[in-house]
Amino acid sequence: PLAWVGCLSCYNNGDLVGKWLDAEQASEKCEAGLNCKRCGGEEFDVFDTENIKHPGRYYSPWDFVGDAKALGAAANLGIPRVAAEEFASYLGESLEDVDWDQQMYCGEFDDVEAFGWSLLEDDPDYNGLNVALARYIDVEAYATDMLINDYVSFHVGSSLFVFTSQ
């Protein structure tokens, strides 16, 4: 992810001063202490981002670094960026505040029925059913019921991302 970090003092005086930083560069700048070379200001904001969702409010460079690290942790668990952002938003938390866990992410599916089939394939009771009887199960209705209480889903583009509810 990238962030355009700018000096708030310069911005408040009508001058837009800043630059694009990746998470590692932003982390180094934060550790060294941010000071504006033009006005000496010490307050900074992330004005724009790439490959990370901007929360639409004051977003400090420190928050950006934390969120970028959290996205990395989610990606290491196989959770796509857009799914991680939607899940954090659903929880009302920043990416950094979510306790990312492999068990919470169920996967990416084409639709609700595909999610239902994945649930049934993991169910030992279903695997013991007679094939002739199993075809009478309304898989989409079953999955929809499961999404009401036990799971949370997000449609992004043509994909359905599913997490366990917490």
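Everything numeric in this text was worked out from a predicted model, so none of it was measured.
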Exercise for review: Taking side-chain hydrogen bond (donor to acceptor under 3.5 Å, both in side chains) as the test, write out the residues that go with Ser118, two or more places apart.
Suggested key: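 For Ser118, no residue satisfies side-chain hydrogen bond (donor to acceptor under 3.5 Å, both in side chains) once neighbours in sequence are set aside.
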Exercise for review: Kindly write out the residues that satisfy side-chain hydrogen bond (donor to acceptor under 3.5 Å, both in side chains) with Asn13, not counting sequence neighbours, or none if the list is empty.
Suggested key: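 Partners of Asn13 by the side-chain hydrogen bond (donor to acceptor under 3.5 Å, both in side chains) criterion come out as none, since no residue qualifies.
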**Study point:** More than 12 heavy atoms of other groups within 6.0 Å of Phe109 CZ
**Key:**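 Yes.
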Exercise for review: Keeping the roles fixed (side chain from Trp100, backbone from Leu71), state whether a donor-acceptor pair exists under 3.5 Å.
Suggested key: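 No, Trp100 side chain to Leu71 backbone: no donor-acceptor pair under 3.5 Å.
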Taking the side chain as everything from C-beta on, heavy atoms only, tell me whether [X] gets closer than 4.5 Å to [Y].
| X | Y | value |
| --- | --- | --- |
| Ser153 | Tyr90 | no |
| Thr164 | Cys106 | yes |
| Pro1 | Phe64 | yes |
| Cys39 | Cys7 | yes |

Exercise for review: Kindly say whether the aromatic ring centers of Phe115 and Tyr151 come within a distance under 6.0 Å.
Suggested key: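 Phe115 vs Tyr151: aromatic centres under 6.0 Å.
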Practice item. Please work out which of the three classes, parallel, tilted or perpendicular, describes the rings of Phe47 and Tyr11, given edges at 30° and 60°. Key: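 Answer is tilted, since the angle falls between 30° and 60°.
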Identify each donor-acceptor pair in which a side-chain atom of residues 20-29 lies under 3.5 Å from a protein atom, sequence neighbours left out, and give them as a table.
{"from": "Asp22", "atom 1": "OD1", "to": "Glu24", "atom 2": "N", "distance (Å)": "3.1"}
{"from": "Asp22", "atom 1": "OD1", "to": "Gln25", "atom 2": "N", "distance (Å)": "2.7"}
{"from": "Gln25", "atom 1": "OE1", "to": "Asp22", "atom 2": "N", "distance (Å)": "2.9"}

Review point. Could you state the interatomic distance from CG (Leu77) to OH (Tyr105), rounded to the nearest 0.5 Å?
Key: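 So the CG of Leu77 and the OH of Tyr105 are separated by 11.0 Å.
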Check your understanding: Say you draw a straight line from OG of Ser165 to CZ of Phe87; how long is it, rounded to the nearest 0.5 Å?
Key ->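 Answer rounded to 0.5 Å: 8.5 Å.
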Review point. Which pairs, with at least one residue in residues 52-78 and sequence neighbours excluded, count as a side-chain hydrogen bond (donor to acceptor under 3.5 Å, both in side chains)?
Key: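 Non-adjacent pairs meeting side-chain hydrogen bond (donor to acceptor under 3.5 Å, both in side chains): Tyr59-Asp67, Ser60-Asp63.
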Practice item. Scan residues 34-47 for pairs that pass side-chain hydrogen bond (donor to acceptor under 3.5 Å, both in side chains), counting only residues two or more places apart or in two chains. Key: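 As it turns out, the side-chain hydrogen bond (donor to acceptor under 3.5 Å, both in side chains) pairs with a partner in residues 34-47, which skip direct neighbours, are Asp15-Arg38.
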Check your understanding: Restricting to pairs with a member in residues 142-151, which pass salt bridge (Lys or Arg N to Asp or Glu O under 4.0 Å), not counting sequence neighbours?
Key ->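 Salt bridge (Lys or Arg N to Asp or Glu O under 4.0 Å) check on residues 142-151 returns no pairs.
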